[in-house]
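Data block below; observations after.
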Amino acid sequence: MRLELELLDQTDTTIFFTWTDTGETCRVERDGATIYKGTENSFRDEGLTPGELYIYTIERLNSQNKPVERIKLQTGTENYDDDFINRLQQITVSTIVSDSKIAIAWGEIEGIPSFDIYRDGEFLATVEKNQYTDLSAEKDIPYSYWIHGKRPLERSEESMKRGKSVLASLFGMVNVRSNPEEAAMEEFWIKKRVGSRAQLLAEQPTKKDQIEHPVWQLRYMTFLSQDILPNPNLFSPYRFFKGDGRSYDPNAKEYRTRVDLNIRFSEEGSIVEFDKDVGTTIAYNWRKKFSKADAASSAGIELKEMNEDSHKVAIDLKHSVGNPLVTSPDIDYQVAANFYRVGVYDIIGIHDQAPNHEVYLKSGKQTEWEQIHEAEDKGLSWMAEPIAGQYWRISNFE
């Protein structure tokens with residue numbers, strides 16, 4: 001009988017799972033340490049840290065105590081902290097890898113009736129449950145899965161959500177680039193990079209205190225793709241603004257804002273370097289002639305919190321930068337990220353739907369930036385407070 005995971009359940013301090021009752025001895029390891037061995041087909045791991053990520057290996061053993069079959073599970077505990085404005089920070093994303101399949105499950109997000117599933121950019125299915133099982137994945141190929149859902153702003157967890165929904169709908173009625181439904185609709189993207197099953201199931205579990213990826217680099221930029229764009233305020237003397245005139249590019253010199261984070265692990269601990277910059281805002285008059293230029297303060301870009309323990313670094317980044325020439329909504333976003341010594345990351349963000357957002361990641365083994373998130377600008381007026389935002393989360397199991 002093939003070894004498969006049958007049930008998975010989490011709380012903020014407990015992870016419980018069952019697997020196929022093979023009648024044989026099975027061994028469970030968590031982050032490289034054996035925590036169970038016996039003929040039972042279930043295990044409850046208790047006393048865990050809320051909001052933490054864990055990797056389990058379940059092995060079926062033969063009479064010589066050698067593994068003949070293996071399942072790997074990446075999951076975590078929930079986080080019941082009410083201070084989060086991003087629902088994706090509270091849920092758990094779990095990935096199960098076995099000889100026969102890749103399965104991904106995620107916590108419930110109230111108000112989303114269904115999710116669209118993509119693999120390497122190709123649409124696979126629409127599901128109503130908070131899980132998807134891929135039976136067609138090749139064993140020797142790594143994949144990237146995208147899970148996309150939408151919900152009305154009125155079903156958000158945010159305070160004053162009903163009032164924001166009405167205002168967003170009114171905005172959609174008067175904005176030529178949108179409609180009432182779109183402006184009042186929150187978007188959620190959950191992205192998961194999964195290594196090849198052949199590699200994941202063949203390798204020995206890695207201990208959390210092993211330094212495998214000593215360096216992480218994260219780059220977050222916002223930019224305006226147009227060369228020149230109109231000011232939404234028709235009564236302003238600055239009728240046009242200079243854009244950055246580009247598409248997505250991790251090495252671009254033109255941007256509205258840029259943030260760089262470098263995380264370096266060592267035997268003694270870790271070092272986090274934080275750099276930020278704000279591009280110059282240039283305004284034109286109604287004839288598109290130069291009128292004024294200035295650069296906004298970068299004080300609104302803050303590394304608000306940084307925590308580290310023996311196996312990871314956690315950061316909380318908040319970004320709020322305005323237009324230095326006119327009164328207008330700020331470019332707002334927030335990122336919470338965990339970087340682990342063993343090469344695993346979990347990055348969660350929320351942002352307005354303007355301007356363009358682009359996020360890149362590089363590990364010590366990489367020479368080129370990998371894009372982990374992008375969002376297209378829907379117009380400067382989309383930075384207004386009542387408009388629905390975009391939520392995103394990306395993690396890896398490699």
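Quick note: numbers below take in every heavy atom, side chains included, and nothing from hydrogens, waters or symmetry partners. Throughout, numbering of the chain's residues begins at 1 and tracks the sequence.
Between the side chains of Asp330 and Ser320, a donor-acceptor pair is found at a separation under 3.5 Å. There is a side-chain donor-acceptor pair under 3.5 Å between Ser94 and Thr75. When only modelled atom types and interatomic distance are considered, Asp12 and Thr77 share no side-chain donor-acceptor pair under 3.5 Å. Side-chain polar atoms of His357 and His319 form no donor-acceptor pair below 3.5 angstrom. In summary, the side chains of Asp277 and Tyr255 do present a donor paired with an acceptor at a separation below 3.5 Å, with no hydrogens or angles considered. Under 3.5 Å, the side chains of Tyr360 and Glu358 contain a donor-acceptor pair of N or O atoms. Donor-acceptor pairing under 3.5 Å is recorded for the side chains of Glu308 and Ser270.
In summary, Asp134 and Arg119 engage in a salt bridge, as defined by a charged side-chain N under 4.0 Å from a carboxylate O. One finds no salt bridge joining Glu302 and Lys318 here, because no Lys/Arg side-chain nitrogen approaches an Asp/Glu carboxylate oxygen to under 4.0 Å. Ion pairing between a basic and an acidic side chain is recognised when a charged N comes within 4.0 Å of a carboxylate O; Arg258 and Asp260 show such pairing.
A distance of 9.0 Å separates NZ in Lys362 from CG in Asn262, rounded to the nearest 0.5 Å. The CD1 atom of Ile271 sits 11.5 Å away from atom CZ of Phe265, with the distance rounded to the nearest 0.5 Å. Taking CD of Glu40 as the start and OG1 of Thr25 as the end, the distance is 11.0 Å to the nearest 0.5 Å. We find the CD1-CD1 distance between Ile347 and Ile372 to be 3.5 Å, quoted to the nearest 0.5 Å.
Note: Trp189 and Trp146 have perpendicular aromatic rings, judged against thresholds of 30 and 60 degrees for the angle between ring planes. Ring geometry for Trp392 versus His373: interplanar angle under 30°, hence parallel rather than tilted (30 to 60°). Taking the six-membered ring for Trp and thresholds of 30 and 60 degrees, Phe188 and Tyr391 have nearly parallel ring planes, at less than 30 degrees apart.
Close placement of the Tyr56 and Phe17 rings is indicated, their centers lying within 6.0 Å of each other. Proximity of the aromatic rings of Tyr333 and Tyr220 is defined here by a centroid distance below 6.0 angstrom, and this criterion is met.
A donor-acceptor pair is defined here as one N or O able to donate and one able to accept, closer than 3.5 Å; such a pair exists between the side chain of Asp244 and the backbone of Leu224. The closest donor-acceptor contact from the side chain of Arg219 to the backbone of Pro250 lies under 3.5 Å. Here the side chain of Ser266 pairs a donor or acceptor atom with the backbone of Gly269 at under 3.5 angstrom. A donor-acceptor pair under 3.5 Å is absent between the side-chain atoms of Asn41 and the main chain of Thr20, judged by distance alone. In this structure, Lys242 contributes its side chain and Ile282 its backbone to no donor-acceptor pair below 3.5 Å.
Of the options Arg70, Lys66, Lys72, a side-chain hydrogen bond (donor to acceptor under 3.5 Å, both in side chains) to Glu59 is made by Arg70 and by none of the others. Tested against Asp346, the residues Arg393, Lys312, Gln89, Gln74 include a single side-chain hydrogen bond (donor to acceptor under 3.5 Å, both in side chains) partner, Arg393. The ring-ring contact (aromatic ring centres under 6.0 Å, His included) test with Phe115 singles out one residue from Trp106, Phe123, Tyr132, and that residue is Trp106.
In this structure, Glu46 places its CD atom where more than 12 heavy-atom neighbours from other residues, nucleotides or ligands lie under 6.0 Å away. More than 12 non-hydrogen atoms from other residues, nucleotides or ligands lie less than 6.0 angstrom from CD of Glu273.
Under the 4.5 Å side-chain heavy-atom criterion for grouping Ile, Leu, Val, Met, Phe, Trp and Tyr, Val28 is not connected to Leu61 through any hydrophobic cluster. Val93 and Ile109 fall within the same hydrophobic cluster, where Ile, Leu, Val, Met, Phe, Trp and Tyr residues are linked whenever their side-chain heavy atoms come under 4.5 Å apart, directly or through other members.
In terms of heavy-atom proximity, Asn338 sits nearest to Ala314 at OD1-CB, 3.0 Å.
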